[in-house]
*Asks:* 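Encoded as structure tokens, here's the structure I'll be asking about.
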Amino acid sequence: MGMTEEEKFRFDLTGYLIRPAILTPEQIADIVEQIDRIKHDPDSLPPAERNVPGGASSLLIDHPKVTEVLHEIIGPNVRLEGTFCVWRQKGEWAGDLHGGGPQQIDPIFGYRCAHGRIHAGMVRVVFELTDVSKQDGATHFIPGSHKANFPMHPDHMSLEPGERSEFLTSYECPAGSAIFFTENLCHAGPHWQRDTPRVAVLNAYTHLATHWHRPTIAAEIMAGLAREKQAWFREPWIADFRTSPATHNSMERFLDNEEPTVRLDHKP
Ligand SMILES: O=C(O)CCC(=O)C(=O)O
Ligand SMILES: [Fe+2]
């Protein structure tokens with residue numbers, strides 16, 4: 001159980017890590033089918049499954065091969081605070097290189113390692129649901145940039161062919177793989193190159209004390225999740241000092257209570 005020493009070395013050195021083929025072919029097929037319908041025929045799905053993390057994709061919330069990594073690189077208290085799925089056609093893209101350098105995404109979400117332990121404030125987990133090759137245009141990284149001591153240099157920030165940093169890299173992996181990266185790593189979702197779509201789910205996990213993304217999950221999606229899954233979206237606080245000893249905002253406490261998840265009724 002847990003990460004291997006080699007995985008920890010790799011994640012700390014580069015800022016990302018791939019766990020290949022953690023999903024079964026049946027799980028992959030069910031989630032691809034759900035995302036196809038979300039993007040192309042949402043009315044064919046019950047309301048609770050019309051977006052991630054509902055329906056078949058809910059197994060990604062707390063997949064054991066993901067949870068054990070998060071507990072090593074974020075800590076024992078983790079929340080899932082944002083998720084989206086993509087059906088990315090050739091030529092579509094998510095955006096330019098961002099992150100990396102000394103300022104980090106924000107110090108409270110920063111990457112650090114102390115006393116042999118990694119403390120990554122926010123970790124993105126990409127679940128690739130098709131086989132991906134290095135040329136396809138999946139998420140690209142500048143390895144090591146999560147620990148860079150100088151701001152990202154403009155010469156290394158282009159995604160244009162022929163102008164790319166020699167350090168810019170991507171990955172190849174079989175369908176059903178999880179790619180973990182700290183949001184402090186300089187990364188991008190470049191133009192998709194393949195004739196067949198990129199089908200993926202991208203989750204953002206953080207420390208229980210913090211909240212980067214404003215919640216956007218629809219109330220009917222959340223209501224359709226099992227209580228153990230909802231627990232990943234509990235409110236961001238650590239201790240309630242009205243009791244003695246203080247009450248800890250643990251998963252177990254959430255499961256023993258009727259308390260709702262984070263508020264979902266915000267207007268943009
Ligand atoms: O779409 C991608 O490949 C990456 C998107 C991104 O920047 C992120 O998930 O933080
Ligand atoms: Fe990003």
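Residue numbers count from 1 along this sequence. Just follow the structure's listing: the first ligand is 1, and inside any ligand the first atom is 1.
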*Asks:* Taking atom types as modelled, find out whether H140 and H187 have a side-chain donor-acceptor pair closer than 3.5 angstrom.
*Replies:* no
*Asks:* Under 4.0 Å from any heavy atom of L202, which atoms of ligand 1 are there?
*Replies:*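 Once the distances to L202 are compared, the set is 9 (O).
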*Asks:* With atoms numbered from 1 as shown, which atoms in ligand 1 lie under 4.0 angstrom from a non-hydrogen atom of H187?
*Replies:* 6 (C), 7 (O), 8 (C), 10 (O)
*Asks:* With the 4.5 Å side-chain cut-off for hydrophobic clustering, are V78 and I238 part of the same group?
*Replies:*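 Different clusters: V78 never reaches I238 through Ile, Leu, Val, Met, Phe, Trp or Tyr contacts under 4.5 Å.
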*Asks:* Run through F180, F141, F11, F181 and flag the one making a ring-ring contact (aromatic ring centres under 6.0 Å, His included) with Y16.
*Replies:* F141
*Asks:* Restricting to N, O or S atoms, which atom of H187 is closest to the Fe ion (ligand 2)?
*Replies:*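 Distance check against the Fe ion (ligand 2) picks out NE2 in H187.
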*Asks:* Does ligand 1 have any atom that is closer than 4.0 Å to a heavy atom of H140?
*Replies:*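 Judged by the 4.0 Å heavy-atom criterion, H140 does not count as contacting ligand 1.
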*Asks:* Quick one, E259 and R253 - any side-chain contact, counting heavy atoms below 4.5 Å?
*Replies:*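 The answer is yes; the side chains approach within 4.5 Å.
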*Asks:* In plain terms, say whether R10 and E7 are close enough for a salt bridge, that is, a side-chain N and a carboxylate O under 4.0 Å apart.
*Replies:*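 Not counted as a salt bridge, because no side-chain N and carboxylate O are separated by less than 4.0 Å.
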*Asks:* Taking side chain as C-beta onward, heavy atoms only, is L168 less than 4.5 Å from L159?
*Replies:*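 Yes; the side chains approach each other to less than 4.5 Å.
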*Asks:* State the atoms of ligand 1, each with its element, that fall below the 4.0 Å cut-off from a heavy-atom position in A94.
*Replies:* 1 (O)
*Asks:* Can you tell me the protein heavy atom closest to atom 10 (O) of ligand 1 and the distance?
*Replies:*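 Answer for atom 10 (O) of ligand 1: E183 OE2, 2.4 Å.
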*Asks:* Among R88, E92, H98, which residue places a heavy atom closest to atom 7 (O) of ligand 1?
*Replies:*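 Minimum heavy-atom distance to atom 7 (O) of ligand 1 goes to H98.
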*Asks:* So, T139 versus R198: side-chain donor-acceptor pair below 3.5 Å or not?
*Replies:*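 Looking only at side-chain atoms, R198 and T139 do form a donor-acceptor pair, the distance falling under 3.5 Å.
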*Asks:* Between T139 and ligand 1, find which residue part has any heavy-atom pair under 4.0 Å and reply side chain, backbone, both or neither.
*Replies:* both
*Asks:* Give the residue, atom name and distance (to 0.1 Å) of the protein heavy atom nearest atom 9 (O) of ligand 1.
*Replies:* R124 NE, 3.0 Å
*Asks:* With heavy atoms of R198 as the reference, note each atom of ligand 1 found under 4.0 Å away.
*Replies:* 1 (O), 2 (C), 3 (O)
